**Q** 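Here it is: the structure, laid out below.
Every value quoted in this text rests on a predicted model; they were computed, and no experiment measured them. Note: hydrogens, waters and symmetry copies are ignored here, and every other heavy atom, side chains too, is used.
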Amino acid sequence: HEAYGSLVIKCKAAVAWEPNKPLVIEDVEVAPPQANEVRIKIVATGMCHTDLYILFESMKKESFPMILGHEAAGIIESVGPGVTEFQPGDKVIPLFISQCRECRFCKSPKTNQCEKGWIETQHVLKDSRFTCKGKKIEQFAGTSTFSQYTVVNQMAVAKIDPSAPLDKVCLIGCGICTGYGAAVNTAKVEPGSTCAVFGLGAVGLAAVMGCKAAGAKKIFAVDINPEKFEKAKVFGATDFVNPKDYDKPISQVLAEMTNGGVDYSLECVGNVEVMRSALESCVKGWGISVVVGWTELHDVATRPVQLIAGRTWKGSMFGGFKGKDGVPEMVKAYLGKKLLVDEFITHNMTLDQVNDAIELMKHGKCIRTVLNPFPQ
């Protein structure tokens with residue numbers, strides 16, 4: 001294996017040559033793993049809304065060409081010098097938030113932010129192991145999983161139970177942990193409480209599941225697409241609210257339904273107006289609202305009295321899970337039938353169909369599409 005791991009692998013990947021354009025399936029070269037890196041064969045990868053955000057919304061020209069994808073599962077193909085934690089054949093989930101275990105953030109139980117992660121480099125690891133047509137291809141979120149193979153720093157990989165079905169647990173690499181953890185780790189939802197989840201994509205549905213697991217007695221699912229309500233019921237939602245059905249602000253609607261507001265609200269859209277609505281839907285005195293949806297394009301606003309009156313506004317990335325610790329536990333919970341995963345998957349496609357998967361998500365026609373880079 002040592003010898004094999006020293007070779008460049010030629011394989012297929014979906015390359016984003018420029019923003020706002022379809023991805024192109026290309027032959028790419030994936031260099032061998034360097035010190036403290038592992039090369040992973042990607043067995044399954046989910047399409048997450050953040051991939052679309054980078055492609056169609058944030059559109060930073062200097063980030064392209066790039067290989068997107070950050071929610072995946074695979075098998076270690078080879079390891080670089082100094083890697084002791086992994087060996088070829090291990091089943092793993094790449095992490096877009098690393099856990100170096102050494103920095104002040106990793107040592108604190110209060111956060112999952114790691115100082116050594118890609119986040120410091122704004123989405124893109126400059127020194128990627130990908131080339132295509134003689135050009136260096138940027139690595140997205142330190143992972144780039146829309147490729148048959150990728151090279152990731154060992155700080156950003158979680159080893160999981162070898163019996164886990166990779167085409168399912170890949171979703172634990174982003175969407176499921178992000179929503180579920182926002183409820184249980186960040187909001188710390190309490191038994192008997194009332195919750196509202198805004199946005200019922202995969203992250204929102206995972207947040208609903210987290211609220212239920214934490215013992216919430218009432219969970220309001222809020223979305224302008226009523227087709228999402230049946231799905232939300234599966235994950236534990238008790239009530240359904242479509243803001244379009246009312247001629248007053250949704251925060252007022254929820255306040256009237258809950259005698260002053262919910263105990264916890266989670267924004268799972270990535271829209272600053274919705275973030276404001278979510279905060280203002282919380283009860284004064286102790287309401288907690290968590291921002292989960294990702295955007296960097298606009299400022300968020302509210303009247304100071306909302307906070308002065310005792311509400312708390314928090315943010316959550318990857319559900320507050322430290323990846324190396326949390327991901328294997330979530331996989332175990334799934335294997336032990338304590339966590340729904342299969343129910344998120346509405347479509348299975350091949351990596352070649354990546355643009356079809358993008359269209360489905362763009363138009364809200366899926367919850368999660370899982371892509372197979374190695375179709376038979």
Side-chain angles (χ1 to χ4, degrees), residues 13-24 26 45-72 94-98 112-115 117-128 130 132 135-147 150 152 156 173-175 177-179 182 198-199 201-204 266-278 290-301 313-319 354-364 366 368-369 371:
V15 177
W17 287 104
E18 48 186 316
N20 224 351
K21 291 273 175 18
L23 307 187
V24 185
E26 303 277 15
T45 180
M47 170 72 64
C48 171
H49 196 274
T50 306
D51 299 307
L52 270 64
Y53 171 82
I54 299 299
L55 194 59
F56 300 116
E57 292 177 53
S58 82
M59 301 200 297
K60 294 185 173 133
K61 277 265 190 274
E62 67 277 10
S63 300
F64 294 83
M66 158 165 67
I67 295 171
L68 288 162
H70 62 283
E71 179 182 81
L95 306 168
F96 61 87
I97 294 192
S98 50
N112 65 342
Q113 303 289 305
C114 169
E115 264 182 324
W118 63 273
I119 207 82
E120 306 298 317
T121 59
Q122 283 305 302
H123 298 322
V124 177
L125 274 185
K126 281 294 169 216
D127 190 21
S128 95
F130 294 109
C132 180
K135 281 203 181 72
K136 194 72 142 168
I137 306 292
E138 305 289 5
Q139 185 172 26
F140 173 56
T143 54
S144 287
T145 59
F146 292 167
S147 174
T150 187
V152 177
C174 179
C177 282
T178 297
F198 290 72
V203 171
L266 298 109
E267 193 277 356
C268 303
V269 180
N271 174 309
V272 295
E273 272 77 37
V274 181
M275 291 171 192
R276 178 173 191 161
S277 297
V290 182
V291 174
V292 189
W294 182 276
T295 181
E296 306 156 287
L297 300 179
H298 308 283
D299 291 349
V300 73
W313 219 349
K314 302 178 83 169
S316 181
M317 188 182 267
F318 196 51
V354 64
N355 291 309
D356 300 332
I358 287 173
E359 286 306 306
L360 280 175
M361 178 159 266
K362 231 188 193 173
H363 300 291
C366 67
R368 269 296 187 265
T369 301
L371 302 171

**Q** Under 3.5 Å, which donor-acceptor pairs do the side chains of residues 356-363 form with other protein atoms, sequence neighbours left out?
**A**
residue	atom	partner	partner atom	Å
Glu359	OE1	His363	NE2	3.2

**Q** Testing the basics here: between Gly315 and Val290, what is the closest heavy-atom pair and its distance to 0.1 Å?
**A** C-CG1, 4.2 Å
**Q** Side chains of Met66 and Phe130: does their closest heavy-atom pair fall under 4.5 Å?
**A**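 When only atoms from C-beta onward are counted, Phe130 and Met66 do not touch, as no gap falls below 4.5 Å.
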**Q** Check whether any side-chain N or O of Ser128 sits under 3.5 Å from a backbone N or O of Ile137 as a donor-acceptor pair, and report yes or no.
**A**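 Yes.
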**Q** Can you tell me how far OG1 of Thr178 sits from CD of Glu71, rounded to the nearest 0.5 angstrom?
**A** 8.0 Å
**Q** Mind checking the NE2-CD1 spacing from His70 to Ile97? Nearest 0.5 Å is all I need.
**A**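 That separation rounds to 10.0 Å.
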**Q** For the CG atom of Leu68 and the CZ atom of Phe146, what is their distance to the nearest 0.5 Å?
**A**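 Leu68 CG to Phe146 CZ: 6.0 Å, rounded to 0.5 Å.
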**Q** For residues Pro65 and Lys136, determine if any side-chain heavy atom of one lies less than 4.5 Å from a side-chain heavy atom of the other.
**A**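 Not in contact.
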**Q** I'd like to know whether Trp294 forms a side-chain contact (heavy atoms from CB on, under 4.5 Å) with Glu57, so could you lay out the CA-CA distance, the side-chain angles of the two residues, the decisive distance to 0.1 Å, and finally the verdict.
**A** CA-CA 11 Å; Trp294 182 276; Glu57 292 177 53; over 6 Å; no
**Q** Please answer whether the main-chain N or O of Gly69 pairs with a side-chain N or O of Thr143 as donor and acceptor at a distance below 3.5 Å.
**A** yes
**Q** Locate the shortest heavy-atom distance separating Phe318 from Gly173; write the atom from each residue and the value.
**A**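 For Phe318 and Gly173, the tightest heavy-atom pair comes out as CE1-O, 3.4 Å.
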**Q** Kindly say whether Leu371 contributes a backbone atom to a donor-acceptor pair with the side chain of Thr45 at under 3.5 angstrom?
**A** no
**Q** Side chains of Thr50 and Cys174: closer than 4.5 Å at any heavy-atom pair?
**A**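 A side-chain contact is absent here, since even the closest heavy-atom pair is not under 4.5 Å.
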**Q** Can you see which heavy atom on Ala16 is nearest to which on Phe64, and at what distance?
**A**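 Of all heavy-atom pairs spanning Ala16 and Phe64, the closest is O-CD2, 3.4 Å.
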**Q** Within the side chain of Asn112, is there an N or O that forms a donor-acceptor pair under 3.5 Å with the backbone of Met317?
**A** yes
**Q** For Ser147 and Ile67, which heavy atoms make the closest approach, and how far apart are they?
**A** CB-CG2, 4.3 Å
**Q** Would you say Val152 and Gln139 make side-chain contact, with heavy atoms under 4.5 Å?
**A** yes
**Q** Could you go step by step and tell me if Val291 and Val300 meet the side-chain contact (heavy atoms from CB on, under 4.5 Å) rule?
**A** CA-CA 10 Å; Val291 174; Val300 73; 5.8 Å; no
**Q** Does any non-hydrogen side-chain atom of Phe140 lie less than 4.5 Å from one of Asp51?
**A**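 They are in side-chain contact.
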**Q** I want to check something: taking the side chain as every heavy atom from C-beta on, are Trp313 and Glu267 in contact at a cut-off of under 4.5 Å?
**A** no
**Q** What are the two closest heavy atoms between Cys114 and Ser98, and how far apart are they?
**A**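 Looks like CB-O, 3.0 Å.
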**Q** Could you tell me whether a side-chain N or O of Glu296 sits under 3.5 Å from a main-chain N or O of Ser58, the two making a donor and an acceptor?
**A**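 It does not hold such a pair.
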**Q** Are the side chains of Phe198 and Met275 in touch, meaning some heavy atoms are under 4.5 Å apart?
**A**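 Not touching, per the 4.5 Å side-chain cut-off.
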**Q** Does the side chain of Leu52 reach to within under 4.5 Å of the side chain of Met47, using non-hydrogen atoms?
**A**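 Side chain of Leu52 against side chain of Met47, heavy atoms only: contact under 4.5 Å found.
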**Q** Under a 3.5 Å distance rule, please check whether Thr295 uses its side chain to pair with a backbone N or O of Leu297 as donor and acceptor.
**A**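 Yes; at least one donor-acceptor contact below 3.5 Å.
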